[in-house]
Colleague: 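I am attaching a structure below and will ask some questions about it afterwards.
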Amino acid sequence: MSHHKLEVRELHFAYPDRHKAVNGISFSARHGESIGIIGANGAGKSTLLLLLMGILLPQKGMILVGDVEVTKKTLPMIRERMGMVFQNPDDQLFMTTVYEDVAFGPRNYKLSEKEVEARVMTALDHVGITHLKDRAPFRLSGGEKRAAAIAAVLSMQPDILIMDEPSAGLDPKSRRRMMGLLQSFEHTKLITSHDLDMIYDLCERTIVVKGGEIAADGPTVEILADEALMDACGLELPFALQNCPVCGSKAMPQQHQHSKK
Amino acid sequence: MHMADALISPAVGGAMWAATSGVAAYSMKKIQVDLDEKKIPMMGVMGAFVFAAQMINFSIPGTGSSGHIGGGLLLAVLLGPQAGFLTMASILAIQALFFADGGLLAFGCNVFNLGFYTCFIAYPLIYKRLTRNGHSEKRIFAASLLSTLLGLQLGAFSVVLQTVFSGKTELPFGTFVMLMQPIHLAIGLVEGLVTAAVVAFVWKASPDILENVAKEKALGSISTRKVLTGLLIAVLLVGGVFSWFASANPDGLEWAMLKTAGTAELEATNKLHAVLSDIQSKTAFLPDYSFKASDSEEASAAGEEAWPVVNAGTSVSGILGGGLTLLAAALTGLTINMIKKRRKRAGFEC
Amino acid sequence: MSNISEALYNMRFMDDLARRNTLVHRLHPLAKLASTLAFLAAVVSVERYEISGLLPFFFYPVIVFALAELPIKPMVKRILMVEPFIIGIGILNPLFDQHIVMLGGVAVSRGWITFLSIFIKCGLTVAAALILLATTGMDRLASALRMLGIPKLFVLQLTLTYRYISVLLEEVGRILNAYALRAPGQKGIHWKSWGSLAGQLILRTFERAQSVYGAMCLRGFDGEYRTGDGQRFCTTDLAYMAVWVMFFIIVRFVDIPGLLGLVVTGGIK
């Protein structure tokens, strides 16, 4: 399907203080692709996401979702197709109960209350928190909040999912659960994160951003293993590719076994 | 400075609810006309900020005590007067519900006392005037301090008026005023200094926030000031006259005036009451005494309002009856509890 | 600091109570709101010299407490926590009105009667407000407000404030902790940090508000607040409301303790 395609052409954006946050970024995402966007703090990842969602509008260049350009006029249509999960779920869950929050989007697209309910329940079921539907967001744990924020986006039935640091602040088990959840989605996915091991597990392709420009774009296995590139961009190898902390041997964890002394 | 339900009469509560609703409706309309939907989340989150920031103790140098942030003016400065007023209303509603801080009937009084004077009197008349010719740290400081002071003084005076009109306490008007105003001068000074420091900081760090709000004209122009003055007069009239006439027994103001004046007339009525209640307490011991009827007879015969005499509490049977009523209430509660427990044990869901 | 954790605990506590499922909780929020307002109006309209007329009103909180299975001790504690303020104002009554009346053969200053009346009224009105919230919850209360025709955007703003209070309380708590750790033995915030401490927080709050607005826009917010249909108002709700309003009217105009007392004293003699 063509409308799952996302294309970014020569994007430029500078903040009012003239700081050039995005400086000529171009890439395109195929339907169903899962792309990791990594880079040091201040590299321009978050600005890029805000541009994609049309919260900020670019000074130069264009973004195409399917065949539609992101402009002020097309925003309602664009936002129906692309869902973004914020880094801080507290910014995203602004209603008094989980149900109301997940229903907020569909209601704004003027669906019937019956359809809204069906969508909300499906979304909650998908992330496995139907039992929390009447809870207030401030009574949820970090992992539950994240799940609710994802459900709030899923209920819009987007084709493309954009996630800002989905594993930030989660305990290891919740992180693992969230990763399993993301893996089950067939959507086109764009994930920014400093959690390189998660990117390694979830994304087949990775884009490295540095100083508002793309420093590298290619298969995750190659990019994340490129020690020189990672170092130059303020990153480091994922733990999965670092030397074994026990015996120091440099190999894939699943491929080597420690010799018992 | 929160008014409580227990201190107000329905008439005063109702009148202030009406006044507050009027101002709120006007403010809401203004925001909707401006099509400034961005303001809604701003107001929501800033309301939560003021709520939380009131928990911060700002220590006052050399005294060992501490003061708090003043909400109303800060909101008016950061969001504009209409948005500030509505935000204050939300904060007070939540305080009333969750912390029983100020009641539901007194809600109108509280929003008016804490929101109206700061946002619609002190802000346009002092703050805007002083910062009219551009912002500077000194000007912002002086403007915030003076506006907070004025807002709080008006609010405190409003509390006195509402309490006296309601006539639930014995506090004479003069004494109450002499008590409230100086206390709130001190409180206002601290609140004003804290607010001024905060506003000045925000201006230095991010001047566009204040300047955007300052650009909103409307309130600076004369026509709206006329509207506001009219509104204020209307409110005072409604609050005063309505509460006077609406209560069957206008004891509020009359009593306040008598009391503060301390006239001979008062003594006379007091003696009369003494005689009446004396008679009443004696006769009440008679077994077949229907005091309800004779009470009103006596009262009307004496040309008196039925106030101190109506209460059955002056007789033994009244006290006994009161005790029995409470006992019955408690027993009803216990019975329901027992039934519920039994049904639960039997596996019913209730 | 204890203030903040107390406030947070209090909000969670009330939220927990509101999520229970009892007869009273299931009622339509409007029915409960109307009963509460009728109760408040009736209680507040009682004359200041009247104590006995207030007593039958205790039936309302007691019965609703039992029906809604509200925990008595923590709720009563919350009600009493408000009383000191009222005592502060009311305690002056005995000073200003020392006129003596006879109360069942005992001489009492009338000021004490008015003081007691205010004290009881405070307890009753505070109880009613807390009961309303503890059996309804903020979200359903907001839906009742919308049904009453309160502008939706105001209701949205109110629920947003409610939603972000806990977030901001936690944030303020962290800031105060960080301050206290680096300013040992200091009570409150030093005047040199007044502006910057609260000011920084305001700037951050503005940023947060902007991202909340962003999150709303991403899900199609266009200045119109759309909500679900809300609960249906059925006969049970009407009955609940009608019974209480009738009860309040009767109790307000008929002196039940007086009659009860008469019956008893008449019987004894």
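Quick note on labels: first sequence line is chain A, next is B, and so on, each numbered from 1.
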Colleague: Identify which part of B:Met42 has an atom lying under 4.5 Å from any heavy atom of chain C, answering side chain, backbone, both or neither.
Modeller: both

Colleague: Report the C-alpha separation of C:Leu158 and B:Ile94 in whole Å, then their side-chain angles, then the decisive distance to 0.1 Å, and conclude whether the side chain to side chain contact (heavy atoms under 4.5 Å, CB included) test is met.
Modeller: CA-CA 8 Å; C:Leu158 176 69; B:Ile94 290 168; 4.1 Å; yes

Colleague: Please rank B:Gly44, B:Gly47, B:Ser21 by heavy-atom pairs under 4.5 Å with chain C and give me the top one.
Modeller: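 Option with the top pair count is B:Gly44.
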
Colleague: Answer yes or no: is there an ion pair linking C:Arg12 with C:Glu170, defined by an N-O contact shorter than 4.0 Å?
Modeller: yes

Colleague: Quick one: sort the C:Phe115 and C:Trp112 rings into parallel, tilted or perpendicular, breaks at 30° and 60°.
Modeller: perpendicular

Colleague: Sort out for me which of B:Ser59, B:Ala52, B:Ala197 touches chain C most, counting heavy-atom pairs under 4.5 Å.
Modeller: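 Top option by heavy-atom pairs under 4.5 Å: B:Ser59.
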
Colleague: When only pairs under 4.5 Å are counted, which of B:Ala328, B:Ser206, B:Ala330, B:Ala205 shares the most heavy-atom pairs with chain C?
Modeller: B:Ala328

Colleague: Is there a side-chain contact between B:Gln95 and B:Leu92 in this structure, where contact means two heavy atoms from C-beta onward sitting under 4.5 Å apart?
Modeller: yes

Colleague: Is B:Ala24 close to chain C through its backbone or its side chain, or both, or neither, when contacts mean heavy atoms under 4.5 Å?
Modeller: neither

Colleague: Given the options C:Leu153, C:Val126, C:Thr114, which has more heavy-atom pairs under 4.5 Å with chain B than any of the others?
Modeller: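 Sorted descending by pairs with chain B, the first entry is C:Leu153.
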
Colleague: Would you say the ring centroid of C:Tyr162 lies under 6.0 angstrom from that of B:Phe98?
Modeller: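 Under 6.0 Å, so yes.
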
Colleague: Are any of the side-chain heavy atoms of B:Pro41 and C:Met216 separated by less than 4.5 Å?
Modeller: yes

Colleague: With a 4.5 angstrom heavy-atom cut-off, is it the side chain or the backbone of B:Ile339 that approaches chain C, or both, or neither?
Modeller: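 Contact with chain C: none, neither part.
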
Colleague: Please rank B:Leu334, B:Leu78, B:Val50, B:Ile91 by heavy-atom pairs under 4.5 Å with chain C and give me the top one.
Modeller: B:Leu78

Colleague: Report the option among B:Leu326, B:Asn337, B:Leu179 that has the most heavy-atom pairs separated by less than 4.5 Å from atoms of chain C.
Modeller: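 Most heavy-atom pairs within the cutoff with chain C belong to B:Leu326.
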
Colleague: Any chance the rings of B:Phe58 and C:Trp191 have centres within less than 6.0 Å?
Modeller: no

Colleague: Let's test your reading of the structure: which of C:Ser45, C:Ser193, C:Gly111, C:Ala42 forms the most heavy-atom pairs below 4.5 Å with chain B?
Modeller: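 Option with the top pair count is C:Ser45.
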
Colleague: Check each atom of B:Thr195 against the heavy atoms of chain C and say whether the ones under 4.5 Å are side chain, backbone, both or neither.
Modeller: neither

Colleague: Any side-chain heavy atom of C:Thr161 within less than 4.5 Å of one from B:Phe51?
Modeller: no

Colleague: Which one, C:Tyr225, C:Phe58, C:Phe65, C:Tyr60, leads in non-hydrogen pairs under 4.5 Å with chain B?
Modeller: C:Phe58

Colleague: If I measure from the heavy atoms of chain C, does B:Ile209 come under 4.5 Å with its side chain, its backbone, both, or neither?
Modeller: side chain

Colleague: Mark yes when over 12 heavy atoms from residues, nucleotides or ligands other than C:Ile72 sit less than 6.0 Å from its CD1; otherwise mark no.
Modeller: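 No, the 6.0 Å shell around CD1 holds no more than 12 heavy atoms from other groups.
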
Colleague: Sort B:Ala93 into side chain, backbone, both or neither according to what part of it lies under 4.5 angstrom from a heavy atom of chain C.
Modeller: side chain

Colleague: Side chain, backbone, both or neither: which part of B:Leu97 has a heavy atom under 4.5 Å from chain C?
Modeller: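 Both backbone and side chain.
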
